[in-house]
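Only one structure is covered here, and it is reproduced in the block below.
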Number of protein chains: 2
Amino acid sequence: MGPVVQRRPPVMADVAREAGVSHQTVSRVLNDHPNVRGETRARVLAAIGKLGYRRNHVARALVTKHSRTLGVVSFDTTLYGPASTVYGIEQAARAAGYFVSIVSLTSIDRAGMRDALDYLTGQGVDGIVVVAPQRATARALADLPLGVPAVAVEGGEAGDVSVVCVDQAAGGRLATEHLLALGHETVWHVSGPSDWLEAEGRVAGWRAALEQADRQVPRPLTGDWSPRSGYEAGRVLAGMRNVTAVFVANDQMALGVLRAFTEQGVRVPERVSVVGFDDVPESAYFSPPLTTIRQDFGAVGRHSIEVLVRQLEDGRHGLERLVVPPALVVRASTAGSA
Amino acid sequence: MGPVVQRRPPVMADVAREAGVSHQTVSRVLNDHPNVRGETRARVLAAIGKLGYRRNHVARALVTKHSRTLGVVSFDTTLYGPASTVYGIEQAARAAGYFVSIVSLTSIDRAGMRDALDYLTGQGVDGIVVVAPQRATARALADLPLGVPAVAVEGGEAGDVSVVCVDQAAGGRLATEHLLALGHETVWHVSGPSDWLEAEGRVAGWRAALEQADRQVPRPLTGDWSPRSGYEAGRVLAGMRNVTAVFVANDQMALGVLRAFTEQGVRVPERVSVVGFDDVPESAYFSPPLTTIRQDFGAVGRHSIEVLVRQLEDGRHGLERLVVPPALVVRASTAGSA
DNA sequence: GGGACCGTTGTTAACGTTCACAGTCGGGCC
DNA sequence: GGCCCGACTGTGAACGTTAACAACGGTCCC
C-alpha cells in the first residue's frame, strides 16, 4: 500500500522482459517492421500498455541522427504577420509529424541570426524555417550552416535556399490599380521600413502600377509598421490638398492614417481613399471599414513546411520558389474621385 | 585543393586526438570543470576552433536526462494575448538558457491537451508551460503527467501546478470603477466566451464593482473576442436608450462596438463611454482612442519561466501563485455622464 | 622518508535506442 | 532426405556524451 513510488520510467528492456522477447523485437513492433508475428506483436503491445512505456526520443535521435524537430527562426512574433505565419508553420509541421522549436530574434542583424541558427543546429534540428522579412535577416541566410536543409519565408532572392513568399509587388500593384481604376489621378504611399523586403516589394508594385499608367510618382512617406507612424504620416498627408488616394503598406499604419484624417476633418472615402495591406481581423471594423490586400499567412506556413519536408525526405536539394498570390478586399475606405 | 569535402561533423574524440588529450578532458573544458590546467584548456579550445566542433546536445541529453528544452502549450497564437505571452515566455526561456518547443492546440478539449502533453513529454522536455485560458484547458491540467514540473498561465485554480496570471477581476473592477467615478449610473458589459477564465474574471470584477456601489447589474452580452461579435453587441446596445457606459472584455470587440455606435449615430464618449481590455497597440488609434486595461503579457511570460526554472533547479515542488496587476489607461472613449 | 592529500588526467561504463548480422524453425521442392 | 528460402527472433555493437573511479605526480607535514 502507501503512495505509488516514483519509479524510473520503464525502458525497452523492461518491456522486453515483461513480454518475454528481446528488446529488438520491441523496437520492431514500435517501428512497424513487417516481420513480427501477430501474437508476438500483441504481447509486446500489452506489455507496453501495462508498463506505461513511452519511447525515449532522445536515445532514438542519437542513433538515427534525426530529431524529427524543425527549427523556426522568426522576428517579433507579436506582430500579426509573423504570428500568423508561425502559427501556420507549427500546425503544418505537427501534421507532418515534426516538433517545432522556435527562436524569436531580438536583434535584426547578422549576428543575431547566426546565434539563432547555431542554437538550433546545436540542438540537432532536422531542418530550419527562417522567417526573414528584413533585408538584413535575408542576407544573413548566407550564413546558414551547410548540410541542414532550410526554407526561407519572405526571404527575397536568398542565395542558397528555397523560398516561400507572398507576392508583395502584386499586392502593391493590386492596391494601386484599384485606386487608379476609381479615377484617382495618382496614388500616394506610406511604406514600411526600408530594410524590410515586404515594404520594398509593395513600393515596387505601387511604383510599377503608376508608371505603367503614366502617372506621376509621389515621394513615399516611410513608417515603421506601427499605428503611430501611420498617424504621423496621416497628419502630413492631411495637410496636402492634392492627395486623393493613399496606399498604406499595412493595416496598422492605415489605422493611424485614418485616425489622423478623422482628427483633421479629412473625410474617407469622400475626399481621400485609403487602402491597407494584410487584412487583419480588425480592419473590417475600422472607421470606415478598410479596403485592403489579404495575405494568406496560413498558406505560406503550410507551403514552407511542405517544401522543407520534401527536401528532408527526398534528400534532394533542388531550389524551389513558391509564391502565394495576395487578394484585394474592397470595403468602404475607397471610392471614386470627385 | 578542390572543394571542402562534406565530412562527418567532428565529435569529442576528434577534438581529443587533435589536442592530444582524452575525450573526458574535452568534456571537462566544455563544462567548465575547475580542475583543468590553463594550458590544456587552451589547447582544447584551439582544437575545437580548428575543427569547428559543436557539442551534440542529443547525446548529452541522453546521459544527463536533461534536454534544456521547455515545452509550451498554447491556444491559437494568432490572438494578441497568447502571442504576446508566448513571446515573453520564449525570450525569458532563452535568457535562462532553455530551448522552447511549442504546441498550439487546435481543439480546446481534454483530449487535445493530453495529446499536446504526451507530445512534449515524449520529446523529453524538462518542464512545461501551459497557457490555459479556457476552463476546459485548465481542467485538463489535472491530466498533467507526474514528474514533469509545470506552470500554468491564466490557469485559474489549477489543482496541482503553480500559476501565473493577470488579475482579471481587478481589471474588470478598475474599468467599472473608472466609469462609475465619471458619474455613470451603471455599466453594461460585453463579455468574452463563457468558457474562458479571463472572461469570467472580468465579469466577476465588473459585477463586484457594481454591487459594491449598490448599482443595478445589467445582463451582460456575450461575444467571442472577435470584432464581429463586438459589432453585433454594439448594435444591440445602440438601440437601448438607457445605456451610457459599456465595459467590453477586449479591445477587438470594443472596436466592433465603436463601429456599431458610429454607424447608428451613437457618439462616443458624448453619449456612451466605452472601456476595452488588453491595450493592443492599435487601441490608441481607434476612433475615438480607446480607454482600456493594460495587461503586461511580457511580465506574465517572464514570471512563468522564473517559477518553472526555480522548480527545475531547486527540485522543490512548492506551489506558487503569482498575480500580475493590470492597469487602467485612460484615453478618449470615456467621459462624464450628462 | 613516508603517508595523506590535492590537482590533473585517463579509463571504463553507463544512457536507451536502432542497425547489421546471425541464428532458428518450418515448409516447399527436387 | 537434403537444400534453400522465407519468416521470425535474438545478439552484439554502435551513436556521442557524461559520471564514477582509478592513476599519476607533486607538495606538505610530521
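First the proteins, then the strands, lettered A, B, ... as listed; each starts at 1. Predicted model only: the values in this text are computed from it and were never measured.
- Annotation: the span from B:I48 atom CD1 to B:D14 atom CG amounts to 11.5 Å, rounded to 0.5 Å.
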Would B:R43 and B:E18 count as a salt bridge (charged side-chain N to carboxylate O under 4.0 Å, His left out) here? Give the steps. CA-CA 9 Å; B:R43 221 165 58 233; B:E18 175 75 27; over 6 Å; no

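- Scanning both residues, B:M113 and B:V73, for their nearest heavy atoms gives SD-CG1, 4.2 Å.
- With 3.5 Å as the limit, one finds no donor-acceptor pair spanning the side chains of A:S104 and B:Q91.
- Note: CZ (A:R28) to P (C:dC21) measures 14 Å, nearest angstrom.
- In this structure, CZ of B:R68 is placed 13 Å from P of D:dT18, rounded to the nearest angstrom.
- DNA chain D is contacted by A:T40 of residues 38-48 of chain A, taking any non-hydrogen atom closer than 4.0 Å.
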Between protein and nucleotides 23-27 of chain C, what N or O pairs are separated by less than 3.5 Å?
none

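- Checked against the 6.0 Å centroid criterion, the rings of A:F297 and A:Y87 do not qualify as a close aromatic pair.
- Taking every heavy atom of both residues into account, A:L105 and A:F75 meet most closely at O-CD1, 3.6 Å.
- Listed by chain and number, the residues in a side-chain hydrogen bond (donor to acceptor under 3.5 Å, both in side chains) with B:E306 are B:H303 (sequence neighbours excluded).
- With rounding to whole Å, A:N35 atom CG is found 13 Å from D:dC5 atom C1'.
- Not a single side-chain hydrogen bond (donor to acceptor under 3.5 Å, both in side chains) links B:R41 to another residue, sequence neighbours left out.
- Within the 4.0 Å cut-off from OP1 or OP2 of D:dC8, not a single side-chain nitrogen or oxygen of A:T25 is found.
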Nucleotides 24-28 of chain D: which of its N/O atoms have a protein N/O under 3.5 Å away?
none

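- Within the 4.5 Å cutoff, the side chain of B:Q24 has no heavy atoms near those of the B:M12 side chain.
- Proximity of a side-chain donor or acceptor of A:T25 to a complementary backbone N or O of A:V21 within less than 3.5 Å is not detected.
- Looking at heavy-atom distances under 4.0 Å, B:V36 makes contact with sugar-phosphate atoms alone, never a base.
- Taking atom CD of A:Q24 as the reference point, atom C1' of C:dG16 lies 13 Å away to the nearest angstrom.
- For the pair B:R37 and A:H33, nearest-nucleotide mapping onto DNA chain C gives the more 5' position to B:R37.
- For the atom pair CD1 of A:I89 and OH of A:Y98, the computed distance is 15.0 Å after rounding to the nearest 0.5 Å.
- Of the candidates C:dT18, D:dT11, D:dA19, C:dT18 carries the atom nearest the A:T64 side chain, counting heavy atoms from C-beta on.
- A:D126 and A:S67 make their closest contact through OD1-N, 2.9 Å (heavy atoms, listed as atom of the first residue, atom of the second, distance).
- What you find for A:V72 and A:L120 is that their closest heavy atoms are N-CD1, 4.0 Å.
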Between N or O atoms, less than 3.5 Å apart, protein on one side and nucleotides 15-17 of chain D on the other: list the pairs.
from	atom 1	to	atom 2	distance (Å)
D:dC15	O3'	A:K65	NZ	3.0
D:dG16	OP1	A:K65	NZ	2.9
D:dT17	OP1	B:Y53	OH	2.3
D:dT17	OP1	B:N56	N	3.3
D:dT17	OP2	B:M12	N	2.6

